[in-house]
There are 2 protein chains.
Amino acid sequence: MALQYDEIVRSGLSRQVADLIRAAILDGRLAVDERLPNEEELARRFGISRPTVREALKVLAAQNLIRSRRGPTGGNFVIRPEPEGVARAITDAATLLVGVGSFGSDEIVLARVETESLCCKLAAANRSDADLARMGEEIALQRQDGLTDEDFCASDVRFHRALVTATGNGPLRLMMYAVIESFIPITNMLIYREHERRRTADSHERIMMAIADREGDRAAALMRSHLDGLRSVLDTALERRAAAASARHSEGGDDR
Amino acid sequence: MALQYDEIVRSGLSRQVADLIRAAILDGRLAVDERLPNEEELARRFGISRPTVREALKVLAAQNLIRSRRGPTGGNFVIRPEPEGVARAITDAATLLVGVGSFGSDEIVLARVETESLCCKLAAANRSDADLARMGEEIALQRQDGLTDEDFCASDVRFHRALVTATGNGPLRLMMYAVIESFIPITNMLIYREHERRRTADSHERIMMAIADREGDRAAALMRSHLDGLRSVLDTALERRAAAASARHSEGGDDR
DNA sequence: GTTTATATATTTGTCAAACCTATTATTGTT
DNA sequence: AACAATAATAGGTTTGACAAATATATAAAC
């Protein structure tokens with residue numbers, strides 16, 4: 001093998017600094033809530049300028065690893081990663097992937113059917129009364145008159161999230177948020193007519209009842225048919241939308 | 001309601017600019033592969049300085065929304081979000097959550113057992129011959145002598161990933177990568193003794209066979225017992241580790 | 001004429017030294 | 001003791017410049 005010319009530094013300085021600090025955070029050399037040296041000091045230690053340090057810090061902040069406060073007691077602090085923040089980041093990313101067409105809607109629906117029916121089983125085993133109450137609230141809301149489509153969709157999402165939460169499993173919940181949320185843009189296309197809303201709320205209630213009765217398999221089966229019903233409605237909606245989109249595109253003029 | 005004093009600008013300039021550009025990307029006003037105006041031009045348009053613009057751009061780059069190239073044809077470009085990149089980001093975040101103790105190892109194992117046995121069923125239905133071949137390769141590798149612990153673990157991860165890929169479901173694969181990978185730090189603690197390695201490889205093979213035979217339920221059951229076996233090994237390892245950790249912590253000495 | 005070297009323009013990357021602003025601790029006054 | 005002015009600290013922003021990378025055009029060599 002030829003001489004290994006001591007790994008050329010091809011990445012930028014700010015990138016390197018960000019990587020160094022990130023590594024320090026990830027392997028615990030920088031503890032949660034610990035304060036980094038101030039920016040000037042960091043610049044001096046790394047032998048680079050403050051703007052470059054700041055670019056690195058901004059990157060870390062964007063990755064939810066640090067946050068900064070001003071003032072005497074301020075500085076850049078390592079923050080404790082919370083599932084909520086991570087869930088939001090995952091959701092955003094997943095939504096983007098869906099939006100750009102990386103996944104087909106059929107794939108998404110299938111993933112959702114399978115994972116949510118799984119959640120039903122776990123929820124039946126582990127649900128608390130508070131979980132049931134949360135689901136019940138949303139069902140009641142879904143039966144109110146005069147709800148906008150957005151409100152109905154939002155309540156639908158909250159119901160499914162409550163169901164996932166009822167599994168009592170953190171990692172699963174993290175994953176499921178992404179699946180459920182990234183499904184929203186598609187779900188929002190549906191026009192929920194009156195009787196479809198009622199059917200949806202009824203499905204939700206049957207699922208909730210089964211979970212309340214600790215009958216996981218029944219709940220899972222109900223969820224399957226619920227989402228399958230949704231899929232058929234979705235298919236027709238997608239066709240309508242595709243037709244509309246192709247018509248829209250021909251007026252055209254994409255930029256570059 | 002009191003007067004809504006036209007939302008005070010409390011967030012920093014770079015934050016605002018990042019939000020504006022991100023919004024433009026997410027709702028399609030900036031298309032994939034489109035080039036943003038150069039940094040000087042952006043600074044002029046937003047009425048701020050270039051370093052501030054750069055901080056905003058760095059944030060977007062950290063979120064995998066843009067990438068930058070130097071030179072005449074260079075600039076900052078909107079990039080197509082790829083599942084791979086998103087999966088890596090999710091994995092990193094999930095790993096961090098695990099590392100900081102947001103999730104218990106029992107939760108993680110349960111999530112993994114349930115989701116992977118689900119994947120077995122789907123894989124049995126959808127697997128291609130190429131998928132089987134990939135799994136077979138890893139099993140063969142796992143039976144080789146002289147493998148380091150790291151190599152064995154890596155092969156284990158690749159086997160499970162191949163299994164997930166065999167489901168043919170993109171969103172599911174995205175989720176599962178996070179579960180499997182974030183499990184690594186825990187898995188790596190195990191010392192795979194010779195006969196445990198053999199048992200693992202045997203389990204893998206039985207699972208693969210069931211999937212090859214399109215027998216999803218059998219594959220799922222095998223996966224369950226495989227991971228349950230892992231769990232019992234893990235429990236004893238965790239106890240050993242907890243004891244070691246409490247001993248280690250008392251010697252202290254972090255940097256600053 | 002084709003290839004190779006060189007110059008040049010463009011754009012991101014980095015630097016330096018300031019100044020601005022939010023936040024807190026201190027100090028002094030009432 | 002309570003409160004207001006003040007100073008100190010550290011992040012936020014600006015300005016203007018130079019360095020490095022890279023594509024393109026141009027000139028030289030074969």
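Numbered from 1 within each chain, the chains take letters A, B, ... in sequence-line order.
Listed by chain and residue number, B:Arg29 satisfy the side chain to side chain donor-acceptor pair (under 3.5 Å) test with B:Asp27 (two or more places apart in sequence, or in another chain). Under the side chain to side chain contact (heavy atoms under 4.5 Å, CB included) criterion, B:Arg134 pairs with B:Ala162, B:Thr165, sequence neighbours left out.
Residues A:Leu110 and A:Glu107 form no side-chain contact, since every pair of their non-hydrogen atoms from C-beta on lies 4.5 Å or further apart.
Contact between the side-chain N/O atoms of B:Asn76 and the OP1/OP2 oxygens of C:dT12 is found at a separation under 4.0 Å. For C:dT11, neither phosphate oxygen OP1 nor OP2 lies less than 4.0 angstrom from any side-chain nitrogen or oxygen of B:Ser68.
Along DNA chain D, the nucleotide nearest to B:Arg15 and the one nearest to B:Thr73 differ in position, and the one closer to the 5' end is contacted by B:Arg15.
Nucleotide D:dT22 holds its C1' atom 15 Å from the CG atom of B:Asn38, rounded to whole Å. The CZ-P distance, from B:Arg69 to D:dT22, rounds to 10 Å in whole Å. The interatomic distance linking B:Leu13 (CG) with D:dG11 (C1') rounds to 13 Å, in whole Å. Atom CD in B:Glu39 sits about 16 Å away from atom P in D:dA21, given to the nearest Å. C:dC19 atom C1' lies 13 Å from atom CZ of A:Arg70, rounded to whole Å.
Proximity of residues 42-65 of chain B to DNA chain C (heavy atom under 4.0 angstrom from any strand atom) is restricted to B:Arg50, B:Arg54.
Of the candidates C:dT11, D:dT13, C:dT23, C:dT11 carries the atom nearest the B:Arg35 side chain, counting heavy atoms from C-beta on. Of all nucleotides listed (D:dT9, C:dA9, D:dT13), D:dT9 comes nearest to the side chain of A:Pro72.
Salt-bridge formation is detected for the pair A:Arg15/A:Asp19: a Lys NZ or Arg NE/NH1/NH2 atom is positioned less than 4.0 Å from an Asp or Glu carboxylate oxygen. Taking a cutoff of 4.0 Å between a charged side-chain nitrogen and a carboxylate oxygen, A:Glu41 and A:Arg45 qualify as a salt bridge.
For B:Ser128 and B:Asp131, the side-chain atoms include at least one donor-acceptor pair closer than 3.5 Å.
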